[in-house]
Structure formats: structure tokens, C-alpha cells
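Report on the following structure.
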Amino acid sequence: QVQLVESGGGLVQAGGSLKLSCAASGRTSSSNRMAWFRQAPGQEREFVAGISGSVGSTDYADSVRGRFTISRDNAKNTVSLQMKRLKLEDTAAYYCAAGPGVVLFRNQKKYDTWGQGTQVTVSS
């Protein structure tokens, strides 16, 4: 079983930057797909960014492409999300997720392990 713990959330002004981290423990594997999702109040949880197992291919939601960067350090069992030029609409709870298999998917049903979430609030 894999456990995920997110950190790095907080309050930041619009235009600022924030870096989220996700620490994995337990039966981790560099071949697992990893992703970040977010959920704003009253909204459904949505895919933000993902990174495949092994080769580390990445994918981003259109709303964050060019501003967010996902990366993984397999030696440290961590996945990070560097967020730049933050906007008010980026305010949400951010969740780290892991799924069995190398191929990257945006569908949250392909992920079977979730962290508890970390809040990101962007102010004007």
C-alpha cells in the first residue's frame, strides 16, 4: 500500500509562485503514474498535471500549461508541482494521486491512492 502526504500549500498573491510537494511511502514504485488534481468549492475535482512512470512523460490541463511544472524524484519518492503566475482561479484544494501502471491518464478513476490534500489560496 502506498501513502501520500502533500505539503506546500498556503496563501499567495495573484502573480506569485508556490511549490507543492507530495511524499510517497510504503510500496512505492517509479513505474506508478502520479498526478495532481484540484477541487474548488462547489466544483468537481479536476486534473491539473500528471507524470507517467518510468520515462516521466508529462501532461497538463490547458488552464495551467505554461505556468505549472510537475516533476518527480524517484530516489526520494516525491512528486512536486511548481506553480507560477498564480491566478485567483487556481484557488483550490490540491490532491496528489498515484495509480498503478506507467501510462499517464487524466481520468481520476485511474488513480487508486490519494493524499489528504493541501489548500492553495490565491488573493488579489
Side-chain angles (χ1 to χ4, degrees):
Q1 194 72 309
V2 177
Q3 294 82 40
L4 303 174
V5 178
E6 303 98 332
S7 62
L11 176 64
V12 62
Q13 283 192 321
S17 300
L18 210 56
K19 186 174 183 178
L20 305 182
S21 294
C22 174
S25 60
R27 300 186 64 180
T28 61
S29 171
S30 62
S31 63
N32 286 348
R33 65 179 73 92
M34 303 291 295
W36 288 92
F37 290 79
R38 68 186 181 187
Q39 186 168 23
Q43 310 249 344
E44 293 187 353
R45 189 160 55 186
E46 64 176 0
F47 173 84
V48 175
I51 187 164
S52 69
S54 298
V55 299
S57 300
T58 59
D59 186 26
Y60 298 91
D62 290 344
S63 59
V64 307
R65 192 184 307 275
R67 299 188 297 120
F68 291 11
T69 302
I70 187 171
S71 61
R72 67 190 298 166
D73 185 333
N74 291 328
K76 296 182 179 179
N77 291 326
T78 59
V79 176
S80 298
L81 184 69
Q82 176 68 57
M83 305 184 294
K84 297 182 178 179
R85 303 197 305 278
L86 283 161
K87 303 177 181 180
L88 296 178
E89 51 264 41
D90 293 321
T91 295
Y94 284 71
Y95 297 90
C96 177
V102 174
V103 178
L104 180 58
F105 293 97
R106 293 190 175 193
N107 187 339
Q108 55 186 298
K109 293 182 179 180
K110 295 293 187 180
Y111 299 84
D112 59 2
T113 302
W114 295 80
Q116 82 289 348
T118 186
Q119 180 66 34
V120 172
T121 302
V122 184
S123 65
S124 58

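Side chains included, hydrogens not; waters and symmetry mates left out as well; all remaining heavy atoms used. Fair warning: this is a prediction, and the values are worked out from it, not measured in the lab.
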When you measure from the side chain of Y95 to the backbone of E6, do you find a donor-acceptor pair of N or O atoms at a distance under 3.5 Å?
no

Are M83 and V122 side-chain neighbours, meaning at least one heavy-atom pair lies under 4.5 Å?
no

With a 4.5 Å cut-off on side-chain heavy atoms, are W114 and Q108 touching?
yes

If Ile, Leu, Val, Met, Phe, Trp and Tyr residues are connected whenever their side-chain heavy atoms lie under 4.5 Å apart, and connections chain through other members, are V102 and F47 in the same group?
no

May I have all residue pairs that pass disulfide (SG to SG under 2.5 Å) and include part of residues 39-87, sequence neighbours excluded?
none

List the atom pairs, donor and acceptor, that lie under 3.5 Å between side-chain atoms in residues 10-22 and the rest of the protein, sequence neighbours left out.
none

So Q119 and T91, do their side chains get closer than 4.5 Å, heavy atoms only?
yes

Has R72 got a side-chain atom pairing as donor or acceptor with V79's backbone, closer than 3.5 angstrom?
no

Find the distance between CZ (R38) and CD (E89) and round it off to the nearest 0.5 Å.
8.0 Å

Does any part of the side chain of D59, heavy atoms only, come nearer than 4.5 Å to the side chain of R65, both counted from C-beta?
yes

Please report the closest heavy-atom contact between N32 and P100, naming both atoms and the distance.
OD1-CA, 3.9 Å

Is a salt bridge present between K87 and D90, judged by a nitrogen-to-oxygen distance below 4.0 Å?
no

Can you get from M34 to Y111 by hopping between Ile, Leu, Val, Met, Phe, Trp and Tyr side chains that sit under 4.5 Å apart?
no

Can you confirm whether Y60 sits close enough to T69 that some side-chain heavy atom of one is under 4.5 Å from a side-chain heavy atom of the other?
yes

Would a hydrophobic clustering, with Ile, Leu, Val, Met, Phe, Trp and Tyr connected at side-chain separations under 4.5 Å, put F37 with I51?
no

Please determine whether residues I70 and L4 belong to a single hydrophobic cluster, defined as Ile, Leu, Val, Met, Phe, Trp and Tyr linked transitively by side-chain heavy-atom distances below 4.5 Å.
yes

